[in-house]
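Hydrogens, waters and symmetry mates play no part in the numbers below; they use all other heavy atoms, side chains included. Lettering follows sequence order; numbering is per chain, from 1.
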There are 2 protein chains.
Amino acid sequence: MENTIYDVARLAGVSTATVSRVMNKTEAVSPSTEAKVIEAMDKLNYTPSALAQGFASNKSRTIGLVMNFAQDSPFPESTVQTMSDFFIEMFRGVNSIIRKKDYYLMIINEEKDLQKVVKSFLDKRRLDGMIFTFTPFNISSLKEVIAKERPLVYVGNIKGYNRGLHVYSRYTEYFYDIVMFLKNKGHKRIALVTARDEDFFVEDWKSSGKPGLNDLDLSFLKYSNMEKIIEDVKSLFLRVDRPTAFFVQDLKAVQLSISIFSEMGLRVPEDVSIVSLEYTKGAGESFFPKITNVYVPVYDMGVQAVTILLNYLEGKTKGYNKLVEVEPVLIERDSVIDLNT
Amino acid sequence: MENTIYDVARLAGVSTATVSRVMNKTEAVSPSTEAKVIEAMDKLNYTPSALAQGFASNKSRTIGLVMNFAQDSPFPESTVQTMSDFFIEMFRGVNSIIRKKDYYLMIINEEKDLQKVVKSFLDKRRLDGMIFTFTPFNISSLKEVIAKERPLVYVGNIKGYNRGLHVYSRYTEYFYDIVMFLKNKGHKRIALVTARDEDFFVEDWKSSGKPGLNDLDLSFLKYSNMEKIIEDVKSLFLRVDRPTAFFVQDLKAVQLSISIFSEMGLRVPEDVSIVSLEYTKGAGESFFPKITNVYVPVYDMGVQAVTILLNYLEGKTKGYNKLVEVEPVLIERDSVIDLNT
DNA sequence: CTGAAAGCGCTTACAG
DNA sequence: CTGAAAGCGCTTACAG
């Protein structure tokens, strides 16, 4: 049988309260007592039971990271592959903090509704807090949970709603920035392959009064399946007034695009400039040519998200409103040509 | 305050033992009693505390999946990216079973030694069992832990040691199979880019008496960094007696290779045949041309690993030896040409 | 700085 | 089929 805190207390000649204090450094203990306790713990090779600690303190010291790689996600079929870098970076960011603070990380891939997830993880006390990314839950249920001030952080932004703890990466804004970057390089005809509809972006840009879009010829291609996209790209670039710049949201589709362009006799960047996104810093380097990318600091988003969450759990936050905006940055490499020069 | 089992018992007019039996279906309860209990639980919106359940039963119902994406891993720098599909598929496989059986999954990315990991997760009762993949731990410490019959499953195989619970994917064997596949297609000069040394494979093949290697000209290129590998590939394929077939372990390097070959005036598969690995079924389809790949069933390895583990935890296994071998399969697509025809 | 003791909310032999 | 009660191994006011 494993040793318990009683065994340690007996061997050290102190009470269990004292042993607990030594372990948790929660109250001052005299140096000599502490030494005795530590010696006893060592001698017995004592390992406190996390189960008992959790029960007694009503804390699991475990955080849940909810990410959806499910078929039922609102993202296209290939999301599992497309988003794997995102997941890894988010995990690594969250994990980096978690470990330092002696917390633990549970990954959750649930398809139930938000209320049930909250009930089975938070109410059940299995988790102290949760982080949501790419969840299939609808906004109204998210708002409900936020209204209850449950210990959760979400990645994203709910338009016209400023409650809750969240991390936001200026999603639509950096797509706009990319377009403007290309425009500044003299590109007027730009094709964009994204996971969302044209309206998703354009309406957002217009409603927030973004300038400089009128003299541009933007072609939006919705990313669905591979066959479809190849076909669409081909027919678009076969035209005489074909785009001179190409933005693909999915970095994994970039090299494929280059091969297809090459097949069509188009060279990158001489004939077509390419911009994409990277979630892992430097990912664009492993291409030929090296890709000019917007780096979305997902690792950092993970760090920010847990930090907010742990601060809230530890009562270090005043109130339940906290938004951290991270800034994606455009990294110029070799895949975009300047038409002005 | 949350409702407890006492509240439910009181409202239903039964003992807490009975409530517990209804919840856990651990012993028979009369239908009428059961109905009363369920009604009371519903009325109170009762959620049992996982913390208390865990403490009382001495089980966390949580499994740990140990995977290393750390800088300190024995794998090259870019492993984080390279292995992300592996990670996701392993997670999905493990998770698929975990959820059905009401277990939970903790992801662990530790760099401490195995003994400490076992102590802080298993001894501490934070986890009921663990699965190890791509760990930096040395074999002798792994053997020590296995000798103690701790509840853990590892992915891999320890040569000349047949104890423990593990899942193996015939690592060196399927590399041999790839070579033979290419040989059958008439390829004699084959380049292989892998994460290990030539010796790692060749010695294994020779020691297990694999035939048919003598008349082959195999060039092994060790995968280190991107720049280096591009250079090596270029100089190798510039030779007149250049390889006719090219195997890259990392699927993410495939399209890049195609671009480089294309730059050199070499077409795939006409001038160079390509084979790679995929961990996500169908990953080779998203290429141009579609890549002939060995599919390593990582999802299934995850499923097998948890299954073995849970069976062991639930006492359904006789003894502590269990090896499940999964079979990678070669999926022919469009990237390999048959030189015989 | 330290100890006695209650309490956390379940599970599980044991008895009936 | 059901209940009374011990027990799981910690933490934490409270008192000194």
Backbone N/O of [Y] and side chain of [X]: donor-acceptor pair under 3.5 Å:
{"X": "B:K124", "Y": "A:P48", "result": "yes"}
{"X": "B:T26", "Y": "B:N24", "result": "no"}
{"X": "A:T133", "Y": "A:M67", "result": "no"}
{"X": "A:N157", "Y": "A:Y168", "result": "no"}

Round to a whole Å and report the spacing from [atom1] of [X] to [atom2] of [N].
{"X": "B:L51", "N": "D:dC10", "atom1": "CG", "atom2": "C1'", "value": "11 Å"}
{"X": "B:E27", "N": "C:dT11", "atom1": "CD", "atom2": "C1'", "value": "10 Å"}
{"X": "A:M23", "N": "D:dC10", "atom1": "CE", "atom2": "P", "value": "6 Å"}
{"X": "B:D7", "N": "C:dC10", "atom1": "CG", "atom2": "C1'", "value": "13 Å"}
{"X": "A:M41", "N": "D:dC10", "atom1": "CE", "atom2": "C1'", "value": "14 Å"}
{"X": "B:E2", "N": "C:dG9", "atom1": "CD", "atom2": "C1'", "value": "12 Å"}
{"X": "B:K59", "N": "C:dT11", "atom1": "NZ", "atom2": "P", "value": "12 Å"}
{"X": "A:K36", "N": "C:dT2", "atom1": "NZ", "atom2": "P", "value": "8 Å"}

Nearest to the side chain of [X], which nucleotide is it out of [options]?
{"X": "B:A17", "options": "D:dT12, C:dC10, D:dA4", "value": "D:dA4"}
{"X": "B:T16", "options": "D:dA5, C:dT2, C:dC8", "value": "D:dA5"}
{"X": "A:I5", "options": "C:dG9, D:dC10, C:dC1", "value": "D:dC10"}

### Query
Does C:dA4 have a Watson-Crick or wobble partner in any strand here, with both distances under 3.5 angstrom, and which is it?
none
### Message
Going by purine N1 to pyrimidine N3 plus the second Watson-Crick contact, or the G-U wobble pair, all under 3.5 Å, which nucleotide sits opposite D:dA13?
### Response
none
Whether [X] contacts [N] is assessed here as follows: a side-chain N or O lying under 4.0 Å from the phosphate OP1 or OP2. Is that the case?
{"X": "A:N58", "N": "D:dT11", "value": "no"}
{"X": "A:T33", "N": "C:dC1", "value": "no"}
{"X": "A:Q53", "N": "D:dG9", "value": "no"}
{"X": "B:S49", "N": "C:dC10", "value": "no"}
{"X": "A:S15", "N": "C:dG3", "value": "yes"}
{"X": "B:Y46", "N": "C:dC10", "value": "yes"}

#### Entry: Ion pair check, A:R150 and A:D123, cut-off under 4.0 Å
yes
#### Entry: Side-chain donor/acceptor contact of A:R21 with base of C:dG3 under 3.5 Å
yes
### Message
What's B:S20 touching, base or sugar-phosphate or nothing? Going by heavy atoms closer than 4.0 Å.
### Response
base
### Query
Under 4.0 angstrom, heavy atoms only, what part of the nucleic acid is A:V14 near: base, sugar-phosphate, or nothing?
sugar-phosphate
### Query
Roughly how far apart, to the nearest Å, are D:dA6 and D:dT2 at atom P?
23 Å
### Separation between the P atoms of D:dC14 and D:dC10, rounded to whole Å
24 Å
### Task
Take B:N109 and A:R92 through the test side chain to side chain donor-acceptor pair (under 3.5 Å) and record every step on the way to the result.
CA-CA 9 Å; B:N109 184 14; A:R92 298 206 313 132; over 6 Å; no
### Query
Parallel, tilted or perpendicular: which describes the rings of B:F86 and B:Y279, with under 30° parallel and over 60° perpendicular?
perpendicular
## Note on the structure
Note: for B:S57 and B:V29 on DNA chain D, the residue whose nearest nucleotide lies more 5' is B:V29
### Query
For DNA chain D, whose closest nucleotide is more 5', that of B:T18 or that of A:A52?
B:T18
### Message
On DNA chain C, compare the nucleotides closest to A:A56 and A:S32; which residue's is nearer the 5' end?
### Response
A:S32
